[in-house]
K.L.:
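Please find one structure pasted underneath; my questions will follow.
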Number of protein chains: 2
Amino acid sequence: MAGHITGESPIQREPGIANLMSSHKQVLAHAEAQCADKGTKLTQKRKTVLQGLLQTQQAMSAYELADYCRDELGESMPPMSVYRILEFLEGEQLVHKLKLANRFVACVHITCDHKHAVPQFLICEQCHRVSEVSIKESTLRALRNNVETAGFKLASPQIELNCVCDTCAVAG
Amino acid sequence: MAGHITGESPIQREPGIANLMSSHKQVLAHAEAQCADKGTKLTQKRKTVLQGLLQTQQAMSAYELADYCRDELGESMPPMSVYRILEFLEGEQLVHKLKLANRFVACVHITCDHKHAVPQFLICEQCHRVSEVSIKESTLRALRNNVETAGFKLASPQIELNCVCDTCAVAG
DNA sequence: TACATAAATGATATGATATATCATATTTAT
DNA sequence: ATAAATATGATATATCATATCATTTATGTA
């Protein structure tokens, strides 16, 4: 019953920890204000979970997040609470669930005020690093066309792709 | 420990059971020949699992398939064997694993001799019906471009999309 | 045929992700 | 101050999946 974070590959934090910390503070403040506007509350626990996702910069499972919050952020966090909190954060569009990986990521657009484009998630199968990029309108239209011709509708415009990141590709 | 097939929505079999049965027979024969060519064997158990996928026309979990084989096809089938057999069938390209749904489908191109196009799977979130369509070369190129710009590589060109089929959309 | 080897399947244990439900604590409104 | 609503804790259980060892079945060769 050791930690849930698989040790396969280290977590990458390019811009230096200190900068990230302070930028996370801003993101959290923004998220809190956004919730307040909508009449919901970003409680301490919810903030901690979101902070975990912001800091690790990885797609995390609920159980991994529970461990991370307890061990690194000093906040006791039963996994079932994490699931509930993630559900809340998803509803607030602060977090995305990646079905392809059964993991969760912080939305990279929390501090943007404009409407988000359709996200395209590139998920490294090996280290779970995630890149959230925007899909071109024309590409999305082509996909949607395929879908509707087949008698389906896109349930969520979000697109997830099985990838390998360059770092793992080199290492592999 | 009741059946694993969720009763939410009935399985749809448009062309009439009898026709499907006979066409499945052909598909199975083709699959068997294909294996023989490669020096592998489509055993009785493997045939039964593939038949289950062909008949239900749904994305099925391994456990659902185990139940289906036992109850509907009269072949005792421990879930762990189903996993092994699905792995084999995937290797033979007779079956695809849909990570988005944690389920498996029969490949719709088993009887085609030409090389398959890149598959795009439309998965109904509600009834797990799946449509396997081909993605246009230009669309795939656009996606791949997005991916490589972000420093990733597509691990599998297979694309899975969260959808709702028209039947469920009407019912819902 | 008899035997050795390889391949396939059976059986069990366990891990990992997720949902359901009821109890308790905290916040909010009146 | 109290009731109602919201948030969190705790437990049980469902669901998807892998690892491992035992047993059976098929295959090749003396």
Side-chain angles (χ1 to χ4, degrees), chain A residues 1-8 32 35-36 38-50 58-70 73 75-92 95 97-105 123 125 128 160, chain B residues 1-8 32 35-36 38-50 58-70 73 75-92 95 97-105 123 125 128 160:
Chain A
M1 201 153 287
H4 290 100
I5 299 186
T6 54
E8 296 155 2
E32 191 164 19
C35 287
K38 298 178 57 179
T40 60
K41 278 167 299 181
L42 194 67
T43 63
Q44 180 52 47
K45 295 263 176 193
R46 288 168 177 173
K47 232 184 267 189
T48 302
V49 169
L50 182 53
Q58 262 193 328
M60 307 267 283
S61 80
Y63 287 86
E64 285 170 352
L65 260 174
D67 289 350
Y68 187 89
C69 289
R70 174 172 38 69
L73 302 177
E75 180 126 23
S76 136
M77 194 69 78
M80 299 309 103
S81 294
V82 174
Y83 273 107
R84 259 189 312 233
I85 286 169
L86 287 168
E87 192 177 334
F88 169 85
L89 295 171
E90 260 195 285
E92 302 296 320
V95 156
K97 168 160 195 177
L98 305 179
K99 283 204 188 181
L100 214 52
N102 295 317
R103 277 173 166 70
F104 303 82
V105 288
I123 305 166
E125 287 189 332
H128 292 129
E160 305 176 34
Chain B
M1 199 149 284
H4 289 100
I5 299 185
T6 56
E8 295 155 2
E32 191 164 19
C35 286
K38 297 178 55 180
T40 61
K41 276 167 300 180
L42 194 67
T43 63
Q44 180 52 46
K45 295 262 176 194
R46 288 168 176 173
K47 232 184 267 189
T48 302
V49 169
L50 182 54
Q58 262 193 327
M60 307 267 283
S61 78
Y63 286 86
E64 284 170 353
L65 261 174
D67 289 350
Y68 186 89
C69 290
R70 175 172 37 70
L73 303 177
E75 179 126 24
S76 139
M77 194 69 78
M80 299 311 102
S81 294
V82 175
Y83 273 107
R84 260 189 310 232
I85 287 169
L86 287 169
E87 193 178 332
F88 169 84
L89 294 172
E90 261 195 284
E92 302 297 320
V95 156
K97 168 160 193 176
L98 305 179
K99 283 203 186 181
L100 213 53
N102 294 318
R103 277 171 165 74
F104 302 83
V105 287
I123 306 165
E125 287 189 331
H128 293 129
E160 305 175 32

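Values in this document were obtained by computation on a predicted structure and should not be read as measured data. Residue numbering restarts at 1 for every chain, and letters A, B, ... go by the order of the sequence lines.
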K.L.:
State whether A/E92 and A/R46 are salt-bridged, where the test is any N-O pair (Lys NZ or Arg NE/NH1/NH2 against Asp/Glu carboxylate O) under 4.0 Å.
P.N.:
no

K.L.:
Using whole Å, what does the distance between atom P of nucleotide C/dT9 and atom CG of B/L86 come to?
P.N.:
12 Å

K.L.:
D/dC16 C1' sits how many Å from B/L98 CG, rounded?
P.N.:
14 Å

K.L.:
Residues in side-chain hydrogen bond (donor to acceptor under 3.5 Å, both in side chains) with A/K97, at least two apart?
P.N.:
none

K.L.:
For A/N102 and D/dC16, is the shortest distance between a side-chain N/O and OP1 or OP2 below 4.0 Å?
P.N.:
no

K.L.:
Applying a 4.0 Å non-hydrogen cut-off, can you work out what A/K99 is touching in the nucleic acid: base, sugar-phosphate, or nothing?
P.N.:
nothing

K.L.:
With A/T43, which residues qualify under side-chain hydrogen bond (donor to acceptor under 3.5 Å, both in side chains), at least two apart?
P.N.:
none

K.L.:
Tell me the interatomic distance from A/Y83, atom OH, to D/dT15, atom P, rounded to whole angstroms.
P.N.:
15 Å

K.L.:
Rounded to whole Å, please give me the gap between CD in B/E64 and P in D/dA17.
P.N.:
11 Å

K.L.:
Please enumerate all residues that pass side-chain contact (heavy atoms from CB on, under 4.5 Å) together with A/K99, with sequence neighbours excluded.
P.N.:
A/E160, B/L100, B/E125, B/N162

K.L.:
Taking only residues two or more places apart in sequence, or in another chain, which ones meet B/E32 in a side-chain hydrogen bond (donor to acceptor under 3.5 Å, both in side chains)?
P.N.:
B/K47

K.L.:
Which letters describe nucleotides 5-13 of chain D, given B = protein heavy atom under 4.0 Å from base, S = only from sugar-phosphate, - = neither?
P.N.:
--SBB-BB-

K.L.:
Side-chain donor-acceptor contacts of residues 81-88 of chain B below 3.5 Å, not counting sequence neighbours, with atom names and distances?
P.N.:
none

K.L.:
How many Å lie between CE on B/M60 and C1' on D/dT15, as a whole number?
P.N.:
15 Å

K.L.:
Rounded to whole Å, how long is the line connecting atom NZ of B/K47 with atom C1' of C/dT9?
P.N.:
17 Å

